[in-house]
There are 2 protein chains.
Amino acid sequence: MAEAEAESTAGVQPRATGLRSTRQRRAVLEVLGRCPEFISAQELHALLADSGSTVGLTTVYRTLRELDRAGLVDVVRDEGGERLYLRRPTDEHRHYLICRCCGRSRPVDAEAVERWAAGLAELTGFAELEHTLELSGVCADCRQAEATAPCRQAPPLLAAESGTQDGLG
Amino acid sequence: MAEAEAESTAGVQPRATGLRSTRQRRAVLEVLGRCPEFISAQELHALLADSGSTVGLTTVYRTLRELDRAGLVDVVRDEGGERLYLRRPTDEHRHYLICRCCGRSRPVDAEAVERWAAGLAELTGFAELEHTLELSGVCADCRQAEATAPCRQAPPLLAAESGTQDGLG
DNA sequence: CGTCGACGTGAAAACCATGTTCATTTAGCA
DNA sequence: TGCTAAATGAACATGGTTTTCACGTCGACG
């Protein structure tokens, strides 16, 4: 398996998350970081295999769960309840609008919702209020394409290489 | 099994939903209608068994799916992705605030979110915009109880009997 | 620089909600 | 009442996710 590529890149940050830096985790973060759209654990697993890094499916699931706990990824559920992951670019709480056709997502400024939810906490006496907002629709591109094709074009799976900036150590 | 109770009550509405009125569907609606909080298909299945109506788990799932399609129940997903159902009191699109401790829910007027989502459609060029908003927290009661007990008190499973008002026919 | 223990890995199997199949029953119209 | 499409349900299939457990390896400490 292609081991060197990952080994060489990462400067192995000091314990930002309490997670050990392993070849597998580095690979997961590396591929995930180049993924412009939400993907499932299984897709990520396949992508890893394609890119030469053998990472067990179990480990992919486990790593994704840890990354979620550590706040390094955003998680969303598709209609079937399957979890989809996206490397979180910042620390802000984000909401996404996802195209049901092509799967492309765009972050959405949900200030208004955020504020409304905060107010709701006071109003109702509920504490530790959490909210999940899933937005989906059909993007302009797909709407246009739909005229001819029956929809379901695949989203781009990987973006160009980039300097590794993991959260391990 | 207690069959007569259901038979006698329902005036078997004219095909409001295109669904046939069967003993099983009547039982599901009857129990669901007395359920003050969201419950899972499995819980409902157990509840049905308790109340003397034998309804296959398959049928419970199928019926719930149909009721969802017909807009007669609200569906929500818990943290594990499991679907939870609640007989919908009205036809409005509702959002719920659910207590993570006791499971009790309260409908929430989400006008603001609704309006915001509508505006978002225009802004982004997305069509057929759908949104799911899941709100959870810890209600005042549970917060108080938490001081002593470690949480997780069970919600009331069934309310008192009521006049049957199904949506079948 | 070597040791060692805790943490990480992964193949296989378990789990669990949900869907599908198909033979049988039933609702409800003619 | 008879007939047919729809509904039922037991068994089975599915598929995402977690658990198990034997083995590997990271990295702290000497």
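Values reported hereafter were calculated over all heavy atoms of this structure, with side chains retained and with hydrogens, waters and symmetry mates removed. Within every chain, numbering begins at 1; the chains are lettered A, B, ... in the order of the sequence lines, protein sequences first and strands thereafter.
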Checklist entry - With sequence neighbours left out, what residues match Glu82(A) under salt bridge (Lys or Arg N to Asp or Glu O under 4.0 Å)? => result none
Checklist entry - Between Arg69(B) (CZ) and dA7(D) (P), how many Å, whole number? => result 11 Å
Checklist entry - Between Glu134(A) (side chain) and Leu133(B) (backbone), is there a donor-acceptor pair under 3.5 Å? => result no
Checklist entry - Is Gln42(A) near enough to dG16(D) that one of its side-chain N or O atoms lies under 4.0 angstrom from OP1 or OP2? => result yes
Item to check | Whole-Å distance separating the CG atom of Leu19(B) from the C1' atom of dT8(D) | outcome: 14 Å
Checklist entry - Going through the checks in order, is the side chain to side chain contact (heavy atoms under 4.5 Å, CB included) test met by Val138(A) and Phe126(B)? => result CA-CA 5 Å; Val138(A) 183; Phe126(B) 270 60; 5.9 Å; no
Checklist outcome for this item: Between Glu114(A) and His95(A), the two heavy atoms sitting closest are OE1-NE2, 3.6 Å
Checklist entry - Just checking Arg62(A): base, sugar-phosphate only, or nothing, at a heavy-atom cut-off of under 4.0 Å? => result base
Checklist entry - Can you check whether Gln24(B) has a side-chain N or O nearer than 4.0 Å to OP1 or OP2 of dG9(D)? => result yes
Checklist entry - Are Val73(B) and Leu86(B) connected in the hydrophobic side-chain network, where two residues link if heavy atoms are under 4.5 Å apart? => result no
Checklist entry - Expressed in angstrom and rounded to an integer, what is the separation of Arg65(B) atom CZ from dG19(C) atom C1'? => result 7 Å
Checklist entry - Phosphate oxygens OP1/OP2 of dT8(D): is one of them under 4.0 Å from a side-chain N or O of Thr58(B)? => result no
Checklist entry - Which whole-number value in Å describes the distance from Leu57(A) CG to dG16(D) P? => result 9 Å
Checklist entry - Is the distance from OP1 or OP2 of dT8(D) to the nearest side-chain N or O of Thr22(B) less than 4.0 Å? => result yes
Checklist entry - According to a strict under-4.0 Å criterion, is Thr59(B) in side-chain N/O contact with OP1 or OP2 of dG9(D)? => result yes
Checklist entry - Do any N or O atoms from the side chain of Arg87(B) and from the backbone of Asp74(B) form a donor-acceptor pair under 3.5 angstrom? => result no
Checklist entry - Which atom names give the shortest non-hydrogen contact between Ser21(A) and Arg26(A), and what distance separates them? => result OG-NE, 3.0 Å
Checklist outcome for this item: In whole angstroms, the gap separating C1' of dG15(D) from CD of Glu82(B) amounts to 16 Å
Checklist entry - Within less than 4.0 Å of OP1 or OP2 of dG19(C), is there a side-chain N or O belonging to Tyr61(B)? => result no
Next on the checklist: Salt bridge or not between Arg143(A) and Glu128(B)? Use side-chain N to carboxylate O under 4.0 Å.
Outcome noted: no
Checklist entry - CZ of Arg25(A) versus C1' of dG27(D): gap in Å, rounded? => result 13 Å
Next on the checklist: From C-beta outward on Arg20(B), which listed nucleotide comes closest to its side chain: dT8(D), dA27(C), dT25(D)?
Outcome noted: dA27(C)
Checklist entry - Axis-to-axis angle across the helix from dC1(C)-dG30(D) to dA30(C)-dT1(D), five pairs an end, to 10 degrees? => result 30°
Checklist entry - Between Arg26(B) (CZ) and dG28(C) (C1'), how many Å, whole number? => result 12 Å
Checklist entry - Taking only N and O in the side chain of Arg23(A), is any of them less than 4.0 Å away from OP1 or OP2 of dT25(D)? => result no
Next on the checklist: Nearest heavy atom decides the nucleotide; on that basis, is Gly81(A) or Val55(B) closer to the 5' end of DNA chain D?
Outcome noted: Val55(B)
Checklist entry - For dG19(C), does either OP1 or OP2 sit under 4.0 Å from a side-chain N or O belonging to Arg83(B)? => result yes
Checklist entry - To the nearest Å, how far apart are Glu79(A) CD and dG19(C) P? => result 13 Å
